[in-house]
J.: 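One structure follows; several queries about it will come next.
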Amino acid sequence: MKNLDNYIIKNKKVLFRADFNVPLVNGKISDDSRIIAVKKSIQKLIKQKNKVFIVSHFGRPNGKINKKYSLKFICPTLKKVLQLNKLYFLETLNSEQIANKINEVLYGEVCLLENIRFSPSEEEIDLNLTNFITKHFDVYVNDAFSASHRNHMSITGFPKYLPAVAGDNFIKEMQNINLFLDNGKKPNTAVIGGAKISTKIELLNNLIELFDTVAVGGAMANTFLLSNNIKVGNSLVEKDLIDVALDIQNKAKKFNCNFILPTDVVCSNNNKTKNNIRHCNVKNVSPDHMILDVGQKTIKMICDEILKSRMVLWNGPLGAFEYKPFDSGTIEMVNLINKYAKNMQIKVLAGGGDTLSSIKSAGSAKGFTYVSNAGGAFLEWLKGNESPGVKALKENNI
Ligand code: 3PG
């Protein structure tokens, strides 16, 4: 696979894929890891006097122009992170305007293109537009590992027409996740949280075969609890997945996997109500309450398993971590990892957008062996699926 060390890019027009799909809280970037992640590659390209045109998506505008999803808001942060005097922004993907902009931008300067998902061609991989765009450039660099599981124009289309090179962040993500998976140490524990089972069925089925303990938290645990006839009040549940939740638990038994579900929880009427918070056994959730975090006994149970492990994988917060105090369980687990993992030689790999944000709010990641900034792509990789983006880079022989 071509990378920025084995393939020299100098005085070229570079089409650079980043993933600036960053989390926002009240309109502000709550985690800029994905912007910082591409700094090294872009600075290398600037130093080597290339014209760098950055392409990214933001949100899911479904092929339509929608101001809400404009990437313009990234510009000040991007300019600061890259330490640029000037950053251009191009609002359209029109081939002629790209050509004009390329003439205007000097070698060693950077231009950000508007959200690529404003064009229906991104997800449809319209080869005409792919060709129109790529003909203005000399080389394509993909530094968006976190978007590499998408079979989209800017991931798999551009490499059909240009020499395609993996950026430093792309290589770092792939190497670190592989290093962890290839050096499996037992006993091992996977902690999986987040809102929905539906996005993690295949992952859970895989993990059960590979891990001694799989602990489930977050709203996705509610569906498992309900499948065991535990009443969860107004909690978020995926009723149509009750059978799937049962199948997963049966499979865990078959594989002798210690499948941990919350035994106690923190509840309230909703995630904003702070004066009606109750800690209770999972069997005593009031009908008008929703489960918003794991309780003390559960977090202790999960932490005990982590301390017994030599390898830990974590994806997804254990509660509604965006709303204090429902971040407590997740923060407690992060603090435990920070305090003990390195000393006790426990290897910890974490990944996923919300996972990253919760580590940030805990204030330190010093106990973690590696924290990936990829969400869906990280999960696909763990499932053992080689992403289309990786394949496109590997197979590129232009
Ligand atoms: C992510 O946030 O996981 C990536 O940016 C991919 O976004 P998507 O799920 O909207 O394709």
Side-chain angles (χ1 to χ4, degrees), residues 16-25 28-38 41 54-66 68-71 73-74 77-78 112-125 141-158 166-167 169-170 172-174 176-177 192-203 218 220 313-317 321-322 349-360 370-383 385-393:
F16 186 98
R17 181 54 157 101
D19 183 357
F20 293 155
N21 196 21
V22 293
L24 295 183
V25 175
K28 289 216 167 76
I29 300 172
S30 60
D31 178 16
D32 56 5
S33 309
R34 286 183 173 177
I35 304 175
I36 293 171
V38 294
S41 298
I54 308 175
V55 174
S56 175
H57 69 282
F58 176 66
R60 293 177 179 170
N62 294 325
K64 292 195 185 83
I65 297 174
N66 180 344
K68 191 175 146 201
Y69 296 108
S70 170
L71 264 174
F73 76 96
I74 290 275
T77 314
L78 183 61
L112 174 65
L113 298 180
E114 182 53 288
N115 191 344
I116 187 86
R117 287 192 185 167
F118 280 0
S119 162
S121 307
E122 166 68 351
E123 291 179 41
E124 289 161 10
I125 319 190
V141 175
N142 187 352
D143 216 12
F145 176 81
S146 48
S148 63
H149 58 312
R150 299 294 179 215
N151 188 14
H152 292 173
M153 174 172 74
S154 63
I155 303 290
T156 55
F158 293 160
N169 172 59
F170 198 106
K172 183 174 142 203
E173 287 271 32
M174 242 173 53
N176 278 287
I177 302 173
I192 305 297
K196 290 179 174 173
I197 303 183
S198 46
T199 53
K200 296 183 184 171
I201 299 170
E202 207 182 324
L203 175 74
M220 63 187 280
L313 170 76
W314 173 37
N315 169 262
F321 84 102
E322 309 95 317
L349 172 69
D354 289 343
T355 314
L356 218 75
S357 299
S358 34
I359 294 175
K360 275 246 156 126
Y370 187 69
V371 180
S372 165
N373 63 46
F378 174 75
L379 298 180
E380 284 297 319
W381 202 258
L382 295 179
K383 281 192 236 158
N385 298 337
E386 187 166 65
S387 57
V390 172
K391 251 180 143 175
L393 290 174

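Just so you know, residue 1 is the first one in the sequence shown, and it goes up from there. If you're wondering where the values come from, they're calculated on a predicted model, not measured in any experiment. As the structure lists them, so they are numbered: ligands from 1, and atoms in each ligand from 1.
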J.: With a 3.5 Å distance limit and no angle check, can you tell me whether N115 reaches the backbone of Y69 through a side-chain donor-acceptor pair?
T.: yes
J.: Would you say E173's side chain and N373's backbone share a donor-acceptor pair under 3.5 angstrom?
T.: yes
J.: Would you find a donor on one side and an acceptor on the other, under 3.5 Å apart, between the side chain of R117 and the backbone of G59?
T.: yes
J.: Determine yes or no for a side-chain-to-main-chain donor-acceptor pair under 3.5 angstrom, with T355 supplying the side chain and G316 the backbone.
T.: yes
J.: Could you tell me whether a side-chain N or O of S56 sits under 3.5 Å from a main-chain N or O of F20, the two making a donor and an acceptor?
T.: yes
J.: One line per pair, note the atom names and distance for all nitrogen or oxygen contacts under 3.5 Å between ligand 1 and the protein.
T.:
from, atom 1, to, atom 2, distance (Å)
ligand 1, 2 (O), N21, ND2, 3.1
ligand 1, 2 (O), R34, NH1, 2.9
ligand 1, 2 (O), R34, NH2, 3.4
ligand 1, 5 (O), D19, OD1, 3.2
ligand 1, 5 (O), D19, OD2, 2.7
ligand 1, 5 (O), N21, ND2, 3.1
ligand 1, 5 (O), R34, NH1, 3.3
ligand 1, 5 (O), H57, NE2, 2.9
ligand 1, 7 (O), N21, ND2, 3.4
ligand 1, 7 (O), H57, NE2, 3.3
ligand 1, 9 (O), R60, NH2, 2.6
ligand 1, 9 (O), R150, NH2, 2.8
ligand 1, 10 (O), R60, NE, 2.8
ligand 1, 10 (O), R60, NH2, 3.4
ligand 1, 10 (O), R117, NH1, 2.9
ligand 1, 11 (O), R117, NH2, 2.7
ligand 1, 11 (O), R150, NE, 2.5
ligand 1, 11 (O), R150, NH2, 3.4

J.: Has the side chain of N169 got a donor or acceptor atom that lies under 3.5 Å from a matching backbone atom of D143?
T.: yes
